[in-house]
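What follows is a single structure, written as structure tokens, with notes after it.
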Amino acid sequence: MNKYLFFLGIHPELSTAEIRAVFSADSIKYNIDKLTKKYLFISTTNKLNEVSLISRLGGTIKIAKLIDEKNNTLSLVDFLMNAQPEGKIQFSITGAGNKEPLAVKQALKNKGRSVRYVEIKNTASILHNNLIKKRGDITIIDNKAYITVAIQPIYEMSKRDFDRPGVDSFSGMLPPKLARMMINLSDAPFGSTILDAFCGSGTVLTEALAIGYHNIYGSDISKKAIEDSEANIEWYINEKNLTKIKYKLFLSDSANLADIIEKNSIQSIISEPFMGKPLHGNEHEKNLQKQAKELAQLYINSFTAFHKILRYDGTIIFIIPSFKSGNKWIKIDCIDEIKKIGFNIEPLSENSPYLRYMREDQHLARDIWKFTKNNQ
Ligand SMILES: C[S@@+](CC[C@H](N)C(=O)[O-])C[C@H]1O[C@@H](n2cnc3c(N)ncnc32)[C@H](O)[C@@H]1O
């Protein structure tokens, strides 16, 4: 049995739903041993391909593997001597206070090895000190020792984020990690056609390319958004020398998509839609209620078109925002109508039909929903 520790991002339930979806897509047999606010403990019969997994997941920061069920200094010393048989041993230990690192350091010195203890401040310092390749980054939890085997490619992700040419500072950008989680939650096979019906500057589309999708459609009502998406997709294709990419962009109101996209042709629609004017937190409840009503209509009109262009086994991952007014949440009332159009809700967690993504200082929450087509 292989035992893994996944370090989850700031939305652990969402990260876990994403891991479940990717494991199911890759037919990986696994058992969830424990889930906490920060960590997911998993057992698998087969070894995971940790590096390809981490470069696909948006919501996992680090993957570590169990090396020692009962942590003790001697076994850590043995492990590090085997992992780094020559030269100076570089290592870090998190989660065990000060004593354990000092004891390991001293024991290694007693064995005649020169040692450097690395203070880990963040994942960047693990990368900077090359501790993955050296197998030197150790985490102790519940008195068990884990070695980091893969880390999220943060430099590559921020390059996509900052270097891309088309930027939309008004509509705002979907966080790329969330875009990635949404794509993974869609269950769409890599060869299938996926669509973002509110593509903005193309975050979902470029993250889909980065994961391995090659048939991507985007549409938006704004000409500037389509131009930005095109510039960003072209930039990414050139940057990575990608071949065999088929993409199409449509300037269209999402409600009219059935007029331009073939019926039953899209495997998944993955969208963060228009969510109203940016909020400052001092809006009157009445105005927010009015906005919620308008958005409900926009989403209902969109889903009517989605039902026509989606394949019979298609899925939709869609953000429905909620607005904070004082201590109250204002919701967009559209779920019943969406069901009536012909969709089922696929709950993303055991506790709730949707999962919420929200930064602490924000007045808007993004509620992520998954729908499947009801073909009756
Ligand atoms: C929140 S942004 C999407 C941002 C995008 N996910 C990104 O990261 O770049 C919403 C987008 O919806 C578009 N939009 C607004 N109303 C629309 C409609 N009726 N049909 C299609 N697109 C619409 C806006 O032009 C905007 O680009």
Side-chain angles (χ1 to χ4, degrees), residues 58 157-158 160-186 194-211 213 216-236 247-261 266 268-279 290-309 316-323 332 334 338 357-359 362-369:
M157 283 176 142
S158 56
R160 269 203 303 286
D161 211 348
F162 294 112
D163 290 3
R164 54 192 219 147
V167 180
D168 178 359
S169 47
F170 180 73
S171 290
M173 193 182 138
L174 177 66
K177 287 184 184 185
L178 175 57
R180 196 170 263 255
M181 286 192 265
M182 291 171 64
I183 299 163
N184 283 326
L185 287 169
S186 75
I194 58 175
L195 160 74
D196 182 354
F198 297 83
C199 66
S201 51
T203 312
V204 168
L205 303 177
T206 45
E207 286 305 313
L209 291 179
I211 296 177
Y213 288 89
I216 54 172
Y217 285 9
S219 62
D220 199 289
I221 205 168
S222 139
K223 191 160 173 271
K224 160 106 173 48
I226 294 298
E227 286 165 2
D228 284 346
S229 283
E230 180 162 24
N232 287 333
I233 291 172
E234 284 294 334
W235 171 80
Y236 190 72
Y247 76 88
K248 282 189 191 170
L249 296 169
F250 307 94
L251 181 62
S252 169
D253 187 320
S254 54
N256 299 335
L257 282 174
D259 300 338
I260 44 174
I261 293 180
I266 304 291
S268 284
I269 299 171
I270 302 152
S271 292
E272 174 192 62
F274 176 59
M275 300 188 291
K277 290 193 203 101
L279 302 183
K290 182 167 170 268
Q291 172 160 288
K293 239 183 171 170
E294 287 165 8
L295 290 175
Q297 200 50 57
L298 170 65
Y299 301 165
I300 291 162
N301 294 345
S302 304
F303 272 76
T304 307
F306 294 168
H307 198 266
K308 295 181 183 140
I309 60 174
I316 298 182
I317 300 288
F318 201 80
I319 291 179
I320 300 180
S322 295
F323 309 119
I332 296 180
C334 58
I338 290 175
Y357 181 98
M358 192 187 136
R359 298 254 167 81
Q362 288 178 339
H363 307 285
L364 176 146
R366 291 167 160 107
D367 295 337
I368 296 147
W369 292 79

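Residue indices begin at 1 and follow the sequence shown. Read the numbers this way: they start at 1 and go in the same order the structure lists the ligands and their atoms.
Heavy-atom proximity to Leu174, at under 4.0 Å, picks out these atoms of ligand 1: 6 (N), 7 (C), 8 (O). Against a heavy-atom cut-off of under 4.0 Å, Ser201 is close to the following atoms of ligand 1: 7 (C), 9 (O). Atom numbering of ligand 1 starts at 1 in the shown order; those under 4.0 Å from a heavy atom of Ser222 are 25 (O). Interface atoms of ligand 1 facing Pro273, defined by a heavy-atom separation under 4.0 Å, are 1 (C), 10 (C). Near Thr203, meaning under 4.0 Å from one of its heavy atoms, ligand 1 places the atoms 7 (C), 8 (O), 9 (O). Taking every heavy atom of Asp253 and a limit of under 4.0 angstrom, the matching atoms of ligand 1 come to 18 (C), 19 (N), 20 (N). Atoms of ligand 1 found under 4.0 Å from any heavy atom of Phe274 (numbered from 1 in listed order, with element): 10 (C), 12 (O), 15 (C), 16 (N).
Side-chain contact between Asn301 and Asp253 is absent, with no heavy atoms from C-beta onward closer than 4.5 Å. Proximity of Leu257 to Phe306: side-chain heavy atoms (C-beta onward) are separated by under 4.5 Å at one or more points. Using a 4.5 Å cut-off on side-chain heavy atoms (C-beta onward), Leu195 and Ser219 make contact. With a 4.5 Å cut-off on side-chain heavy atoms, Ile368 and Met181 do not count as touching. Side chains of Pro273 and Leu295 form no contact here, defined as non-hydrogen atoms less than 4.5 Å apart.
The main-chain N or O of Ala197 is found under 3.5 Å from a side-chain atom of Ser271 such that the two form a donor-acceptor pair. Judged by distance alone, the side chain of Thr203 and the main-chain N or O of Pro175 form no donor-acceptor pair under 3.5 Å.
No side-chain donor from either of Ser201 and Asn232 sits under 3.5 Å from a side-chain acceptor of the other. Glu234 and Tyr247 form a side-chain donor-acceptor contact under 3.5 Å, judged by distance and modelled atom types alone.
Under 4.0 angstrom from ligand 1, there are no non-hydrogen atoms of Ala179. Neither the backbone nor the side chain of Ser271 has any atom closer than 4.0 Å to an atom of ligand 1 (non-hydrogen atoms only). Of the heavy atoms in Leu298, only side-chain atoms (C-beta onward) come closer than 4.0 Å to ligand 1. Of all the heavy atoms of Ser252, the ones lying under 4.0 Å from any atom of ligand 1 belong exclusively to the backbone.
Which of Lys224, Met182, Glu272, Arg366 comes nearest to atom 6 (N) of ligand 1 through a heavy atom is settled by distance: it is Glu272. Between atom 20 (N) of ligand 1 and the options Ser254, Cys199, Gly218, Ala197, the minimum heavy-atom separation is to Ser254.
In this structure, Met275 does not count as a contact residue of ligand 1, since none of its heavy atoms falls inside 4.0 Å of the ligand.
Here the closest heavy-atom approach between residue Ala305 and residue Ser254 is recorded as CB-O, 3.6 Å.
Checked by distance only, ligand 1 and Ile221 come closer than 3.5 Å through their nitrogen or oxygen atoms.
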